[in-house]
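Reviewing the structure listed below.
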2 protein chains.
Amino acid sequence: MTQTHNQPCAIAQALNIFGDNWTWLIIREAFYGVSRFSEFQRNIGIAKNLLSNRLSTLVEQGIFEKKNVGENGTRYSYHLTPKGAALRTPLFAILLWGNEYISGDGNEAVLLTERNTGRQLTTMSLVSESGEPIEPNDVRAIAGPGANQEILDKFENARNLKKQK
Amino acid sequence: MTQTHNQPCAIAQALNIFGDNWTWLIIREAFYGVSRFSEFQRNIGIAKNLLSNRLSTLVEQGIFEKKNVGENGTRYSYHLTPKGAALRTPLFAILLWGNEYISGDGNEAVLLTERNTGRQLTTMSLVSESGEPIEPNDVRAIAGPGANQEILDKFENARNLKKQK
DNA sequence: TTTTTTTGGTTTAATAATGAAACCAATATA
DNA sequence: TATATTGGTTTCATTATTAAACCAAAAAAA
């Protein structure tokens, strides 16, 4: 990666990990059950040195766990940690968006379904503590405890803009 | 972008648009109400030539709409289209993941809250047609109508692996 | 047991992308 | 009328990516 973001915003931080052309595909393959270097490489067509780099940083970041398999040799497996498995949500969100706005209805390469009923799942939503879906319009982003001055200003500013309207 | 993915999977397709260090930050700023070139540039610290490139492709992709503002001059605004606004879901999913696994509880720079109650929102979920949240374990990815042989094989293979267990 | 193949990389060299700075024309603002 | 701002483009040095060659250890095949 060519420049690292040092904003405290979690999006910027996440981009330091995922802000490239390959990492999400590696994660995707992991969800499909891929765990070996050569399998990742074949399935996504990434150059070996890049895959090597990416996997190292993903291991560093605690997203993959690297294990020795096969006695005490040079064979390894890469598995998602809980932190990595939690990427299921953003990954699915991207998939659903792409299905709707890029592939289009009837052209989706991969669908999400409910296991029991087999029904297709097409929407994702924030849910309240009591388990109710929240409409996008009912969601507000606010500065959190880790905000810096820039973020505080930004939300202050956003509030003022709304007031004026 | 250095290589475009030509897999039919929506994740790969989406990476052709978002698979870089900056694009999600541009989208983020748009959600915060930013619409002008110079504002994007200041807020995220991106080089002007890169911002120019990125905005062009986002306009091409139908994610931003570019409008003339200020009589008939060289002043423009960039606003999210419905396709762009729908990126709210993946963006929030990434934010929540980052808040939980990078920032950590009590260090979040930006929080999502329910507008009426002010309560913090920390989880996102697939919802069924009837509006009920679906547990991750109850979700299954399957090949869709737009799948190619590679994807068909992959899911066939995943099914066989499960059978063996 | 020997040979061949697979695995999981590293190294190298060419090409492409990025980043920072300089530049610029049209328009707003003072 | 003079100055500043906007929304870029151009240039050039630095960094990242790609493809290919190479390699040692281990596994599989002969």
Side-chain angles (χ1 to χ4, degrees), chain A residues 1-7 12 15-26 29-30 33-61 63-80 157, chain B residues 1-7 12 15-26 29-30 33-61 63-80 157:
Chain A
M1 236 76 65
T2 193
Q3 199 192 71
T4 56
H5 306 291
N6 51 7
Q7 302 180 337
L15 277 181
N16 289 332
I17 306 178
F18 303 108
D20 76 291
N21 223 349
W22 296 107
T23 299
W24 281 111
L25 293 186
I26 297 172
E29 290 300 310
V34 168
S35 66
R36 302 295 292 273
F37 188 95
S38 50
E39 248 186 315
F40 284 112
Q41 212 234 317
R42 262 196 309 275
N43 290 4
I44 69 186
I46 187 178
K48 288 168 130 199
N49 51 351
L50 280 196
L51 179 56
S52 183
N53 289 347
R54 294 300 183 272
L55 284 173
S56 308
T57 71
L58 288 169
V59 168
E60 269 173 41
Q61 297 295 326
I63 287 166
F64 277 103
E65 189 190 12
K66 182 176 185 176
K67 270 189 198 157
N68 238 310
V69 295
E71 300 311 313
N72 47 2
T74 54
R75 251 130 252 228
Y76 304 97
S77 77
Y78 294 88
H79 283 285
L80 292 168
N157 187 29
Chain B
M1 234 79 66
T2 193
Q3 201 192 70
T4 56
H5 306 291
N6 52 8
Q7 302 179 336
L15 277 181
N16 288 333
I17 305 178
F18 304 108
D20 76 291
N21 223 350
W22 297 107
T23 299
W24 281 111
L25 292 187
I26 296 172
E29 289 301 309
V34 167
S35 67
R36 302 295 291 275
F37 187 96
S38 51
E39 250 186 313
F40 283 113
Q41 211 233 317
R42 261 195 310 274
N43 290 4
I44 69 187
I46 185 176
K48 288 168 128 197
N49 52 350
L50 282 194
L51 178 57
S52 183
N53 289 346
R54 295 299 183 272
L55 284 174
S56 307
T57 69
L58 288 169
V59 169
E60 270 174 41
Q61 296 296 324
I63 287 165
F64 277 103
E65 189 189 10
K66 182 177 185 174
K67 271 189 197 157
N68 239 309
V69 296
E71 301 311 313
N72 47 3
T74 54
R75 252 130 250 230
Y76 304 98
S77 76
Y78 294 88
H79 283 286
L80 291 169
N157 187 29

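Each chain gets a letter, A, B and so on, in the order its sequence line appears, and its residues count up from 1. Values below: every heavy atom of this structure, side chains too, minus hydrogens, waters and symmetry copies.
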Side chain of A:Phe37: nearest nucleotide among C:dT10, D:dA25, C:dG9?
C:dG9
So, is A:Gln3 close to the C:dA20 phosphate, meaning a side-chain N or O under 4.0 Å from OP1 or OP2?
yes
Whether B:Tyr78 contacts D:dT6 is assessed here as follows: a side-chain N or O lying under 4.0 Å from the phosphate OP1 or OP2. Is that the case?
no
So, is B:Lys48 near the phosphate of D:dT5, with a side-chain N or O under 4.0 Å from OP1 or OP2?
no
Between P of D:dA16 and CG of B:Asp20, the distance in whole Å:
15 Å
To check you understand the geometry: which heavy-atom pair defines the closest contact between A:Trp22 and A:Ile44, and what is its length?
CZ3-O, 3.3 Å
DNA chain C: A:Leu55 or B:Ile46, which has the more 5' nearest nucleotide?
A:Leu55
Between CD of B:Glu39 and P of D:dT5 the distance, given in whole Å, is 15 Å
Once you round it to whole Å, what is the distance between C1' of D:dA19 and CG of A:Leu51?
15 Å
Strictly distance-based, threshold 3.5 Å: is any side-chain N or O of A:Asn16 a donor or acceptor partner for the main-chain N or O of A:Thr4?
no
Between D:dG8, C:dT27, C:dT11, which one does the side chain of A:Asn49 approach most closely?
C:dT11
I need the CZ-P distance between A:Phe40 and C:dG9, as an integer number of Å.
11 Å
Would you confirm whether A:Glu65, through its side chain, and A:Val59, through its main-chain N or O, come within 3.5 Å as a donor-acceptor pair?
no
side-chain N/O B:Ser38 vs D:dG7 OP1/OP2, d < 4.0 Å:
yes
Residue-phosphate contact under 4.0 Å: A:Arg36 side-chain N/O, C:dG8 OP1/OP2
yes
Judged by atom type as modelled, is there a donor-acceptor pair below 3.5 Å linking the side chain of B:Arg36 to the main-chain atoms of B:Tyr76?
yes
Whole-Å distance separating the CG atom of A:Asn21 from the P atom of D:dT18:
7 Å
Using whole Å, what does the distance between atom P of nucleotide C:dA16 and atom CG of B:Leu50 come to?
17 Å
Are any of B:Arg42's side-chain N or O atoms less than 4.0 Å away from OP1 or OP2 of D:dG7?
no
For the pair made of CG in A:Asn53 and P in D:dA16, what is the distance, rounded to whole Å?
10 Å
Figure out the CG/P separation between B:Asn68 and D:dG7, and round it to whole Å.
10 Å
Check whether any side-chain N or O of A:Arg75 sits under 3.5 Å from a backbone N or O of A:Asn68 as a donor-acceptor pair, and report yes or no.
no
Does a side-chain N or O from B:Ser52 land closer than 4.0 Å to OP1 or OP2 of D:dT9, or not?
yes
Nearest-neighbour nucleotide for the B:Tyr76 side chain, C:dG8, D:dG7, C:dG19 considered
D:dG7
Look at the side-chain N and O atoms of A:Lys67 and state whether any lies under 4.0 Å from the OP1 or OP2 oxygen of C:dG8.
no
side-chain N/O B:Trp22 vs C:dT18 OP1/OP2, d < 4.0 Å:
no
Classify the ring geometry of A:Trp24 against A:Phe18: parallel below 30°, tilted from 30° to 60°, perpendicular beyond 60°.
parallel
